[in-house]
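Please read the structure below before turning to the comments.
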Protein chains: 2
Amino acid sequence: MPAEASSASSSSPPLTERQEARRRRILHASAQLASRGGFDAVQMREVAESSQVALGTLYRYFPSKVHLLVATMQAQLEHMHGTLRKKPPQGDTAAQRVAETLMRAFRALQREPHLADAMVRALTFADRSVSPEVDQVSRQTTVIILDAMGLENPTAQQLSAVRVIEHTWHSALITWLSGRASIAQVKIDIETVCRLIDLTTAEARTE
Amino acid sequence: MPAEASSASSSSPPLTERQEARRRRILHASAQLASRGGFDAVQMREVAESSQVALGTLYRYFPSKVHLLVATMQAQLEHMHGTLRKKPPQGDTAAQRVAETLMRAFRALQREPHLADAMVRALTFADRSVSPEVDQVSRQTTVIILDAMGLENPTAQQLSAVRVIEHTWHSALITWLSGRASIAQVKIDIETVCRLIDLTTAEARTE
DNA sequence: CGCTAATCTAGAACAAGTTGCAGACTTGAT
DNA sequence: ATCAAGTCTGCAACTTGTTCTAGATTAGCG
């Protein structure tokens, strides 16, 4: 396993130790505040205070509240990916394994609904200035799903199916978080969309 | 056709003429400002000024910026539904007709990308306090899709497929608006998800 | 018409995200 | 150790969504 620092996967000047520590403190404070009151509870002044950093510094690390929360999501996703790797899903078909994986992730989020709320709202509220970071989150999600499918070289069809699954995942999460859908409904919809996998996989085989 | 006033489809005290006029002026100003700079350009003070209404009054009509934009979306959706009714899609299968309908809607939004941005961002950013209004938008979208399918009594399976399509539609729209996906990709994904329709329809026939 | 309750207006005030600035502190190179 | 460049801090100011208030206006009613 490479010794690469945890989160900032690339680019720009390397951070000193104290800077890494600051960054971690900030993300930790962000997640903690979010776990309480969700998006609104993550107030930049409070994050700064909690992480013992000046407001200006906070903004130097994360140029906006949305950037901060998307970075928080990246961190959580990495954590989750690690967890999922340890206990891979057991289903027989790719569709089952993906659905199982997503529902497992879903239950994890259920335990911290406020945190989930903050992260997902930030993700969909993000404008172009956050595109690179949002894209990174999306790529990470794709990796998780492809992992569950156990696929090495997905076809274009399959990639499209994976994107659709991601769309459904995000959007279903939002409707659940805002109380407009039950968990049962989310489960059904996840299972429904996962059938696209079998569909496209069957076709890949007969090509 | 019933003489019911245009937008507020139900509930609460009926509005006087001048009040209806105010409401329309507000929604018009909102859409106009949104058409320029998107979500950020819709500033409550400006909306109030443009529609010749005091700020307090604006807040009496729409309790928050998000409420206002979701209502704006309702109005636009109604308009679009009317337009679509006039020229129903021509495809042979339900899936084709739905995909065609959505892509048509998509092209309409393309013409006013800022407006689309404002409305969709508001929709996904909405918290529980806006649930009823967001739900209304969702129901309207469902009607449009079922219309395109030409279905009277959808099964639970089919309703789930429709929900998944809506999820995909919203989420794909967002990724396009924030420049993370091309139109071609959106088209492919819409077509991919629409295949769920044929799938569930085939099953309904053999039940 | 004249009254009352509801509504509307103008504008101040408050909250939270964001920016700017002057001075202290760190870092890295010499 | 010293200097220059880059960072961090504390704090004030600005922006925009939201709330509040006091005084007009309007609507409905006898």
Side-chain angles (χ1 to χ4, degrees), chain A residues 8 12-27 29-30 33-34 36-72 117-119 121-122 125-130 133, chain B residues 8 12-26 29-30 33-34 36-72 117-119 121-123 125-130 133:
Chain A
S12 47
L15 301 182
T16 72
E17 233 172 274
R18 306 184 58 188
Q19 285 174 322
E20 272 294 350
R22 272 192 203 102
R23 191 168 198 283
R24 268 195 303 276
R25 285 207 308 277
I26 292 172
L27 286 175
S30 167
L33 286 172
R36 282 222 235 108
F39 188 90
D40 294 332
V42 181
Q43 301 193 358
M44 299 303 269
R45 289 179 234 271
E46 277 205 52
V47 172
E49 195 177 346
S50 284
S51 46
Q52 305 198 273
V53 140
L55 191 55
T57 306
L58 172 52
Y59 273 94
R60 168 185 283 272
Y61 281 73
F62 303 97
S64 80
K65 174 168 170 169
V66 169
H67 281 86
L68 170 58
L69 285 171
V70 171
T72 304
D117 170 79
M119 298 189 305
R121 295 260 292 287
F125 192 58
D127 65 1
R128 299 181 109 87
S129 72
V130 205
E133 288 81 355
Chain B
S12 46
L15 302 183
T16 71
E17 233 172 274
R18 305 186 57 190
Q19 285 174 321
E20 272 294 349
R22 272 194 204 99
R23 192 168 197 283
R24 268 194 304 276
R25 284 206 308 277
I26 292 172
S30 167
L33 286 171
R36 280 223 234 109
F39 189 90
D40 293 333
V42 181
Q43 301 193 359
M44 298 305 268
R45 290 182 232 282
E46 277 205 52
V47 172
E49 196 177 347
S50 285
S51 47
Q52 303 197 274
V53 140
L55 190 56
T57 305
L58 172 53
Y59 273 94
R60 168 186 283 274
Y61 281 73
F62 301 97
S64 80
K65 174 169 171 170
V66 170
H67 280 87
L68 171 57
L69 284 171
V70 171
T72 304
D117 170 79
M119 298 189 305
R121 294 259 292 286
L123 207 62
F125 192 59
D127 65 0
R128 299 182 109 85
S129 72
V130 205
E133 288 81 356

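A, B, ... follow the sequence lines: proteins, then strands. Residue 1 opens every chain.
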Quick one: which protein N/O atoms are closer than 3.5 Å to N/O atoms of nucleotides 13-20 of chain C? Pair and distance per line, please.
residue, atom, partner, partner atom, Å
dA16(C), OP1, Q43(A), NE2, 3.0
dA16(C), N7, R45(A), NH2, 3.4
dG17(C), OP1, V42(A), O, 3.3
dG17(C), OP1, K65(A), NZ, 2.9
dG17(C), OP2, M44(A), N, 3.0
dG17(C), N7, R45(A), NH2, 2.7
dG17(C), O6, R45(A), NH2, 2.8
dT18(C), OP2, Y59(A), OH, 2.9
dT18(C), OP2, K65(A), N, 2.9
dT18(C), O5', Y59(A), OH, 3.4
dT18(C), O4, R45(A), NH1, 3.1

Between protein and nucleotides 23-26 of chain C, what N or O pairs are separated by less than 3.5 Å?
residue, atom, partner, partner atom, Å
dT26(C), O3', R18(A), NH1, 3.4

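Judged as a side chain to side chain donor-acceptor pair (under 3.5 Å), not a single pair has a partner in residues 42-60 of chain B (not counting sequence neighbours).
The distance from atom CD of E17(A) to atom C1' of dT27(C) is 14 Å, rounded to the nearest whole Å. The interatomic distance linking F125(B) (CZ) with dG17(D) (P) rounds to 12 Å, in whole Å. Look at CD on E49(B): it is 14 Å from C1' on dT16(D), rounded to the nearest Å. Per the geometry, CZ belonging to R60(B) stands 13 Å off C1' belonging to dC20(D), to the nearest Å. Taking atom CZ on R23(B) and atom P on dT7(C), their separation rounds to 15 Å, with Å as the unit. Spacing between atom CG of L68(B) and atom C1' of dT18(D) amounts to 14 Å, rounded to whole angstrom units.
Of the possible donor and acceptor atoms, none in the side chain of H67(B) sits under 3.5 Å from a partner among the backbone N and O of E133(B).
Phosphate proximity of dA6(C) to Q19(B): absent, as no side-chain N or O sits under 4.0 Å from OP1 or OP2. Taking side-chain N and O atoms only, Y61(A) has no distance below 4.0 Å to OP1 or OP2 of dT7(D). The phosphate of dT9(D) (OP1 or OP2) has a side-chain N or O of T57(A) nearer than 4.0 angstrom.
At the heavy-atom level, E46(A) lies nowhere under 4.0 Å from the strands shown.
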Test side-chain contact (heavy atoms from CB on, under 4.5 Å) on R121(A) and L69(A) and set out the steps. CA-CA 9 Å; R121(A) 295 260 292 287; L69(A) 285 171; over 6 Å; no
Take R18(A) and R22(A), measure what side-chain contact (heavy atoms from CB on, under 4.5 Å) needs, and give me the verdict at the end. CA-CA 6 Å; R18(A) 306 184 58 188; R22(A) 272 192 203 102; 4.0 Å; yes
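Taking the ring-ring contact (aromatic ring centres under 6.0 Å, His included) definition, one finds that F125(B) meets it with F39(A), F125(A), sequence neighbours left out. Residues passing the side chain to side chain contact (heavy atoms under 4.5 Å, CB included) test with A41(A), sequence neighbours excluded: none.
Heavy atoms only, all atoms of each residue included: A118(B) and A34(B) are closest at CB-CB, 3.8 Å. Heavy atoms only, all atoms of each residue included: L68(A) and L58(A) are closest at CD2-CD1, 4.5 Å.
If L58(A) and R22(B) are placed on DNA chain D by their nearest nucleotide, the residue sitting closer to the 5' end is L58(A).
For the atom pair CG (D40(B)) and NZ (K65(B)), the distance works out to 6.0 Å, reported to the nearest 0.5 Å.
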